[in-house]
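A, B, ... follow the sequence lines: proteins, then strands. Residue 1 opens every chain.
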Amino acid sequence: MVDKGIRIEGLKKRYGSGDTAVDALKGIDMQVAPGEVVGLVGPSGSGKSTLLKCLGAVIEPTAGRMILGDELIYDDGWKVTDLRALRRDRIGFVFQAPYLIPFLDVTDNVALLLMLAGRPNGEARSRAMELLEALDVGHRAKAMPSQLSGGEQQRVSIARGLVNRPPVILADEPTAPLDSERALAVIRILNDMARKYDTAIIVVTHDEKIIPTFKRIYHIRDGVTYEEAGEGRSFD
Amino acid sequence: MISLAGRDILHAWGKFVFTGIGLGLLIGATFTMAGVYRGMVDDAKVMLDNSGADLWVVQQDTLGPYAEPSSIYDDTYRSILGISGVARAANVTYLTMQVRQGERDVRVLVTGVTADGPGTPGWPPYLVAGRQITRSHYEAVADVATGFKLGDRLQIRRNQYTVVGLTRRMVSSSGDPMVFIPLKDAQEAQFLKDNDAIVRSRARTAQNPALNRPGVPGLLDSVITSQSSNPYVNAVLVQLEAGHVSEDVARSISRWKRLKVYDRAQMEHILVGKLIATSSRQIGMFMVILTIVSAAIVAFIIYTLTMGKIREIAVLKLIGTRNRTIAALIMQQAIALGLIGFVVGKITATLWGPFFPKHVLLEPLDAVIGLVAVVVICILSSIIAIRAALKVDPAEAIGG
């Protein structure tokens, strides 16, 4: 077992039953260490989203094991009772589009997760400001999402994913709507944040321009992953 | 904890305010309908109060004098005065008609009162201008709602009356303002025929051999005189002596005089429970329809607003927001919409109420009931949107 980060062993997911059953995941093995950013690459229909939903405790796998941080959360069945709290407290999400809450300002978009967890508003906002400063959007703290550029929105979205200090962040094609320069900037930020906050980050992508930046890549095809050493190309 | 509903409302305040104003106008219409009903009940009670009567003596087997025609001899009051417990008794007539004043006419309840002076049952208990009727003929006291002024000349049938006094809140149960005139004039107005009809009636009587006998001089004149006078009134209003129970006195009158007697509670039941019952049901139906329309509008608006936030709701659920937090967000918005509507509705009903031709009485208790009803309706209306929001799969936030 790893001390932190995430490890999955033999993870399977079957949709339906009988003759119409579809095995979306056929035994996935994967391990991401704290501070590491790995790519999860695969064509449409390969099982990327299903894997992400299993890792995000949104759908239940059919079999296998998942260890999040130092806690076994799935072993042929959920080992935690409150999946909502698990997602809120121990998993960070960064989406393809930022999906910021349009009626909350930048600070409260980031702080919301902590507020929902019952933290005092002051403490939550202070933590949000710290992350916004770290992501270089502190000066937009009082702005509404509609007033931000695409790159700024994505950085706020990353701050939201980090605010609960999760052992793992699941990033679902976070660079899809961005140009090359901004896409690379986002990946650099994710790497910086992973190191700074000791977080394992899984980036689902088929964005050719960022794939060379990963040191490790998991290819997924027909529900099976193949690990590959990446180029780990410098951002400079 | 942060108020998501409050932030959403502040973010899209224009949408909420304008929707709330639209809803408020509907709620205002509902309040006004309730006010019209309350006004009708109040008018009925005020009419009974202002009559100064404890008992209403009317024709047997009728619900007179307000709900049904009633006709009793105008000397009946003398014998009623002799019954134990009766302090005062006075004849009264009621006739709803169009009264002409110059080029216009006004629908009024013409009330004939005996010329015994102020305090007599049936008289207007107070004036806001002028004086009470002092002459036996051709003077009138009018409610200010008629629009008449002191000194105005009114045409009631063939006779002209001078307005010598003005009173207020003297209306019939159907909201028509009252005009008080001397009893004899009112009796004449009730039965007065036009000249042609009188001529024809006299000719018919003269041609009747039983009424025009050659051997009985004066018979024809007596019959004609009898035919052209009206010895009837609609009711006798009775005031009781202190210490007497209305049921006992009413029992005595109905036993010895073969007349129907109603006390205050019975008369109120007739007016509210029978005379305006159909109007009440009509208003009730309108209120039910308006309430359903208001609920449908709230449900539609909240559902539309919620469906516009499906992606955000999916994100909220994915990052661990509890169902009850999302339900509270939607329900609080529905309640906020309802409260905006309530405030707008209350203000508009208060502002436009006085311009209605009928008395619109907005009771504070009705406002409280309305507030509770609005909140309950908004909560119920938000259920559809809440169900839709809770069905949202958090996986929708993740692509693929």
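Ranked by heavy-atom pairs under 4.5 Å with chain A, the list L318(B), T321(B), I2(B) is led by L318(B). The candidate from I59(A), L170(A), L104(A) with the greatest count of non-hydrogen atom pairs under 4.5 Å with chain B is L104(A).
Heavy atoms closer than 4.5 Å to chain B are found in the side chain of R160(A), but not in its backbone. Using a 4.5 Å cut-off between heavy atoms, L112(A) touches chain B through its side chain atoms alone. At a 4.5 Å heavy-atom cutoff, the contact between R125(A) and chain B is made by side-chain atoms alone. For a residue to count as touching a neighbouring chain, one of its non-hydrogen atoms must lie under 4.5 Å from one of that chain's; by this rule Y99(A) touches chain B with backbone and side chain alike. Looking at P120(A), there are no atoms closer than 4.5 Å to chain B (heavy atoms on both sides), in backbone or side chain. Residue N164(A) does not touch chain B at all, counting heavy-atom pairs closer than 4.5 Å. When heavy atoms are compared at a cutoff of 4.5 Å, L4(B) approaches chain A by way of both its backbone and its side chain.
Distance check: Q332(B) CD to I379(B) CD1 gives 10.5 Å after rounding to the nearest 0.5 Å.
Because its NZ or CZ atom is not both nearer than 6.0 Å to the ring centre of F342(B) and within 45° of the ring axis, K346(B) does not count as a cation-pi partner of that residue.
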| request: Go through the steps for R182(A) and D179(A) under the test side chain to side chain contact (heavy atoms under 4.5 Å, CB included), then give the verdict. | output: CA-CA 5 Å; R182(A) 285 181 179 156; D179(A) 58 34; 3.3 Å; yes
| task | Check step by step if side chain to side chain contact (heavy atoms under 4.5 Å, CB included) holds for R14(A) and L25(A). | result | CA-CA 7 Å; R14(A) 171 175 286 185; L25(A) 303 177; over 6 Å; no
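When only modelled atom types and interatomic distance are considered, D176(B) and S174(B) share a side-chain donor-acceptor pair under 3.5 Å.
Just one residue in the list V38(A), L40(A), V37(A) forms a side-chain contact (heavy atoms from CB on, under 4.5 Å) with F214(A), and that residue is V37(A).
Looking only at side-chain heavy atoms (C-beta outward), I335(B) and M331(B) come within less than 4.5 Å of each other.
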